[in-house]
Amino acid sequence: CALPILVNPDAALRLLPHALPGLMRWGIAFLRECTDERYKRNSLIKLRLCLDSTQATRDLRDKLGLRYDNDDNGALFLHRDRARFEKEAKGAEAMAAHGLKLEVLDAEGAARIDPGLAPVKDKLVGALYSPVDGSGDCGAFTRALAERAAAKGVVFRYGSAIERIE
């Protein structure tokens with residue numbers, strides 16, 4: 001039984017009795033979100049946020065000339081499990097109807113996008129390719145943004161406790 005661990009004051013994770021009412025309210029609210037309808041709605045909200053933040057990041061990068069080892073050549077999501085791949089492919093079709101560009105590829109198609117996969121393509125059942133996705137060093141991005149902000153007069157106070165927000 002895990003209960004003794006949860007009430008042990010020295011445990012890394014412990015249950016605080018005074019937190020139970022809030023935890024119960026959160027748990028009930030969480031369970032209300034666990035329906036197919038809410039999943040679809042929340043997924044579309046998250047998709048809109050992802051698409052908007054990707055564009056905002058690129059706009060900021062271009063406007064300020066930020067350098068952070070970015071790569072805008074897309075992202076390839078590899079699959080070795082057929083059932084999972086087929087489920088993800090159906091989801092990709094639904095997301096495409098809402099603005100996300102995703103290509104459903106077989107193993108050959110994945111190897112065309114990334115030739116380094118050719119030797120292992122027989123271990124893949126397929127892939128999803130997002131040509132609009134990208135990546136970069138988030139630490140470098142944040143530091144570059146902070147440098148630009150500091151140059152404009154923003155003062156950063158690291159290691160300071162926040163006592164209130166007005």
Side-chain angles (χ1 to χ4, degrees), residues 12-13 23 26-160 162 165:
L13 176 67
L23 185 59
W26 175 88
I28 291 168
F30 179 84
L31 290 174
R32 270 194 235 122
E33 296 298 317
C34 296
T35 66
D36 287 343
E37 181 182 320
R38 297 266 178 125
Y39 171 78
K40 289 174 187 171
R41 184 194 65 158
N42 292 336
S43 292
L44 293 177
I45 291 169
K46 188 172 68 168
L47 172 62
R48 179 77 313 184
L49 177 63
C50 289
L51 294 173
D52 289 349
S53 65
T54 297
Q55 190 58 53
T57 300
R58 289 178 177 156
D59 291 346
L60 198 56
R61 174 200 63 203
D62 295 343
K63 180 179 180 181
L64 299 178
L66 302 176
R67 301 181 62 99
Y68 55 97
D69 296 325
N70 59 294
D71 180 348
D72 290 338
N73 292 323
L76 192 59
F77 304 94
L78 307 174
H79 288 271
R80 294 186 294 176
D81 178 87
R82 179 151 313 278
R84 173 89 189 242
F85 173 63
E86 289 172 358
K87 181 179 178 186
E88 295 291 327
K90 284 182 185 173
E93 292 169 10
M95 293 294 159
H98 295 278
L100 179 62
K101 295 177 184 165
L102 272 176
E103 298 173 25
V104 178
L105 306 170
D106 60 12
E108 290 286 338
R112 276 193 299 280
I113 299 288
D114 184 346
L117 294 172
V120 295
K121 68 183 176 189
D122 60 313
K123 296 180 180 178
L124 302 174
V125 295
L128 298 177
Y129 174 61
S130 174
V132 297
D133 209 338
S135 63
D137 181 335
C138 60
F141 176 85
T142 304
R143 287 188 297 276
L145 190 57
E147 288 171 10
R148 299 304 188 293
K152 296 282 186 183
V154 173
V155 176
F156 293 91
R157 297 187 181 171
Y158 301 102
S160 299
I162 299 172
I165 297 175

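In what follows, every heavy atom counts, from backbone to side chain, and hydrogens, waters and symmetry copies are set aside. Please read all numbers here as calculations on a predicted model, not as lab measurements.
- Although no hydrogens or angles enter the test, the distance criterion places a donor-acceptor pair under 3.5 Å between the side chain of R148 and the main chain of G65.
- In this structure, E147 does not pair ionically with K152, as no charged nitrogen and carboxylate oxygen lie closer than 4.0 Å.
- Within 6.0 Å of atom CZ in F30, 12 or fewer heavy atoms from other residues, nucleotides or ligands are found, so the atom counts as exposed in its surroundings.
- Crowding of R80 atom CZ: a count of heavy atoms from other residues, nucleotides or ligands under 6.0 Å not exceeding 12.
- For A110 against L76, the heavy-atom pair with the smallest separation is O-CD2, 3.8 Å.
- If you take CZ on F85 and CG on L105, they are separated by 7.0 Å, rounding to the nearest 0.5 Å.
- The structure places CG of D133 at 9.0 Å from SG of C50, a figure rounded to the nearest 0.5 Å.
- Across all non-hydrogen atoms, the minimal contact from F156 to A150 is CE1-N, 4.2 Å.
- Note that CG of D81 is 9.0 Å distant from CD of E86, once rounded to the nearest 0.5 Å.
- Residues forming a salt bridge (Lys or Arg N to Asp or Glu O under 4.0 Å) with R84 (at least two apart in sequence, or on another chain): E88.
- Taking D52 as the reference, R48 meet the salt bridge (Lys or Arg N to Asp or Glu O under 4.0 Å) condition, with sequence neighbours excluded.
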Test log, rule side-chain contact (heavy atoms from CB on, under 4.5 Å), inputs V132 and T54: CA-CA 9 Å; V132 297; T54 297; over 6 Å; no
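- Considering only residues two or more places apart in sequence or on other chains, R112 meets the salt bridge (Lys or Arg N to Asp or Glu O under 4.0 Å) condition with none of them.
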Under 3.5 Å donor-acceptor pairs involving side-chain atoms of residues 117-128, not counting sequence neighbours:
{"residue": "K121", "atom": "NZ", "partner": "E108", "partner atom": "OE1", "Å": "3.3"}
{"residue": "K121", "atom": "NZ", "partner": "E108", "partner atom": "OE2", "Å": "3.0"}

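- Counting only residues at least two apart or in different chains, salt bridge (charged side-chain N to carboxylate O under 4.0 Å, His left out) contacts with residues 66-77 comprise R58-D72, R61-D72.
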L51 and Q55: CA distance, side-chain angles, deciding distance, side-chain contact (heavy atoms from CB on, under 4.5 Å) verdict: CA-CA 6 Å; L51 294 173; Q55 190 58 53; over 6 Å; no
Check against side-chain contact (heavy atoms from CB on, under 4.5 Å), R41 and R38: CA-CA 5 Å; R41 184 194 65 158; R38 297 266 178 125; 3.8 Å; yes
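- Between F77 and S130, the closest heavy-atom pair is CE1-CB, 4.2 Å.
- Atom CG of L49 sits about 12.5 Å away from atom CG of L44, to the nearest 0.5 Å.
- Residues meeting the ring-ring contact (aromatic ring centres under 6.0 Å, His included) test with Y68, sequence neighbours left out: F141.
- The distance from the OG atom of S53 to the CG atom of L60 is 12.0 Å, given to the nearest 0.5 Å.
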